[in-house]
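To find a chain, count down the sequence lines: A is the first, B the second, and so on, and within it residues start at 1.
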Amino acid sequence: MFAWLEGTALATWTRESPSIWAYPTILTLHTIGLGIVVGANAVVDFRLLGFGKRIPLSSLLPLFRITWWAFALNAATGVLLFMSDATTKSAQVVFYIKLSLIAVALVTMIATRRMVDSREPTLPSRARTVAVLSLLLWAGAITAGRLMAYL
Amino acid sequence: MDPFIHWVRSSAASNWVNSTVWIWPLCETLHFIGLSLVIGIVGFFDLRLMGFFRRVSIGAARELMPLALAGFLLNLSTGLVFLIGLPEQYMHNSAWWTKVGFLVLAGLNALFYETTLARRLTAMAEGADTPAAAKLIGALSLFSWFGVLYWGRMLPFIGNAF
């Protein structure tokens, strides 16, 4: 199935087209999306950890909309990058580690969003733990992604 | 090979970068983490300068800036590792010089803000709209940092090195 995926016209174009709009642009969009997703999450996480305390938590809610759009961009470009090299990437353990880290990071993101959206005057005691976990998971996902090019 | 590149290349530091297998992937990973911090924190501040997130005062958004500085210093130092390792791949590469140009633009823009509007805007109350000059500075900052990111990632594809 991975060999079929890799042989589709879309995968072949992504991989082999000499156009700057093929592989280079898809990869760059994936990096731009990464910066926005991880960066916007970091703003929320560091605020939960006590940085920028004068920022009202609920004012950060619109950030999540930006994050979801950037995440959608990375899901789409990620699928294209995976297709273009499906047989190799599907055999990489670190690829599955990356996907798992992202899956758990999304769970922490839903948890932080709930805290930002809450009307409670005080943060739940787990806020700091969730924030640290979120930062570590996103950093881990970046690490796993980078290592895909080396392992 | 010009003398400067030859000098860097024959240094012990350059030799160490090139003979240690884990140093390049490690620095790349840190470079990506640093870029996320800069994009996230500076981007948030820029959006506030542009008039978004008005419930956050400029002064409050500014309190996150040390984290962006930490991300920037991380990227400056890991970037130096790349440059020391393979100077010819960067210094002979038009994409890298374009990236440096965008970095200078981002720096001068920030310096201009700090020396003109910063004091007044930091004291501004939350809810207040920003003057047109601040909106322009915020937009220019956003544009230049994404420019830095774009030309950095496009470096292997647009330039003539590698």
*Is there a path of hydrophobic side-chain contacts, each under 4.5 Å between heavy atoms of I, L, V, M, F, W or Y residues, that connects Leu30(B) with Met148(A)?*
no

*Answer with side chain, backbone, both or neither: which region of Phe51(A) has an atom nearer than 4.5 Å to a non-hydrogen atom of chain B?*
both

*Do Val130(A) and Ile110(A) share a hydrophobic cluster, counting only Ile, Leu, Val, Met, Phe, Trp and Tyr and linking them when any side-chain heavy atoms are less than 4.5 Å apart?*
no

*asked:* Check this for me: Phe143(B), atom CZ, are more than 12 non-hydrogen atoms of other residues, nucleotides or ligands nearer than 6.0 Å?
replied: no

*Which residue out of Gly152(B), Pro66(B), Gly59(B) racks up the most heavy-atom pairs below 4.5 Å with chain A?*
Gly59(B)

*Which region of Phe53(B), side chain (C-beta onward) or backbone (N, CA, C, O), has a non-hydrogen atom less than 4.5 Å from a non-hydrogen atom of chain A, or is it both or neither?*
side chain

*Do you know which of Ala60(B), Ser57(B), Ala68(B), Gly43(B) has the most heavy-atom pairs with chain A at a distance under 4.5 angstrom?*
Ala60(B)

_Closest heavy-atom pair and its distance - Gly52(A), Glu63(B)_ = CA-OE1, 3.3 Å

*Residue among Ile41(B), Leu149(B), Leu67(B), Leu47(B) with most heavy-atom pairs under 4.5 Å to chain A*: Leu67(B)

*So how far is it from Ile32(A) CD1 to Tyr150(B) OH, rounded to the nearest 0.5 Å?*
8.0 Å

*Identify which part of Leu26(B) has an atom lying under 4.5 Å from any heavy atom of chain A, answering side chain, backbone, both or neither.*
neither

*Looking at Leu27(A), Thr143(A), Leu61(A), which one has more heavy-atom pairs under 4.5 Å with chain B than the rest?*
Leu27(A)

*Would you say the side chain of Met154(B) lies within less than 4.5 Å of the side chain of Thr25(A), judging by non-hydrogen atoms?*
yes

*By a 4.5 Å heavy-atom criterion (distance strictly below it), what part of Leu35(B) contacts chain A: side chain, backbone, both, or neither?*
side chain

*Indicate the atoms forming the closest heavy-atom contact of Arg146(A) with Glu28(B), along with that distance.*
NH1-OE1, 2.6 Å

*Linked, directly or transitively: Val116(A) and Val107(A) (ILVMFWY side chains, under 4.5 Å)*: no

_Closest heavy-atom pair and its distance - Ala42(A), Leu37(B)_ = CB-CD2, 4.3 Å

*Validation row: Ile66(A), Phe44(B) side chains within 4.5 angstrom (heavy atoms)*: no

*State plainly whether one hydrophobic cluster holds both Tyr96(A) and Met1(A), where clusters connect Ile, Leu, Val, Met, Phe, Trp and Tyr through side-chain heavy atoms under 4.5 angstrom apart.*
yes

*Please report the closest heavy-atom contact between Gly40(B) and Val43(A), naming both atoms and the distance.*
O-CG2, 3.5 Å

*Any link between Leu108(B) and Phe45(B) through a network of hydrophobic side chains (Ile, Leu, Val, Met, Phe, Trp, Tyr) touching at under 4.5 Å?*
no

*asked:* For Pro24(A), which atoms come within 4.5 Å of any heavy atom of chain B: side chain, backbone, both, or neither?
replied: both

*asked:* Report which part of Ala139(A) has an atom under 4.5 Å of a heavy atom belonging to chain B: side chain, backbone, both, or neither.
replied: both

_Side chain / backbone / both / neither for Phe52(B) at chain A, heavy atoms under 4.5 Å_ = neither

_Does any backbone or side-chain atom of Ile33(B) lie under 4.5 Å from a heavy atom of chain A? Answer side chain, backbone, both or neither._
both

_Using the side chain to side chain contact (heavy atoms under 4.5 Å, CB included) definition, which of the options Val37(A), Leu34(A), Ile36(A), Val38(A) pairs with Ile39(B)?_
Ile36(A)

*Do other residues, nucleotides or ligands put more than 12 heavy atoms under 6.0 Å from the CZ atom of Arg114(A)?*
no

*Would you find more than 12 non-hydrogen atoms of other residues, nucleotides or ligands less than 6.0 Å from Tyr23(A) atom OH?*
no

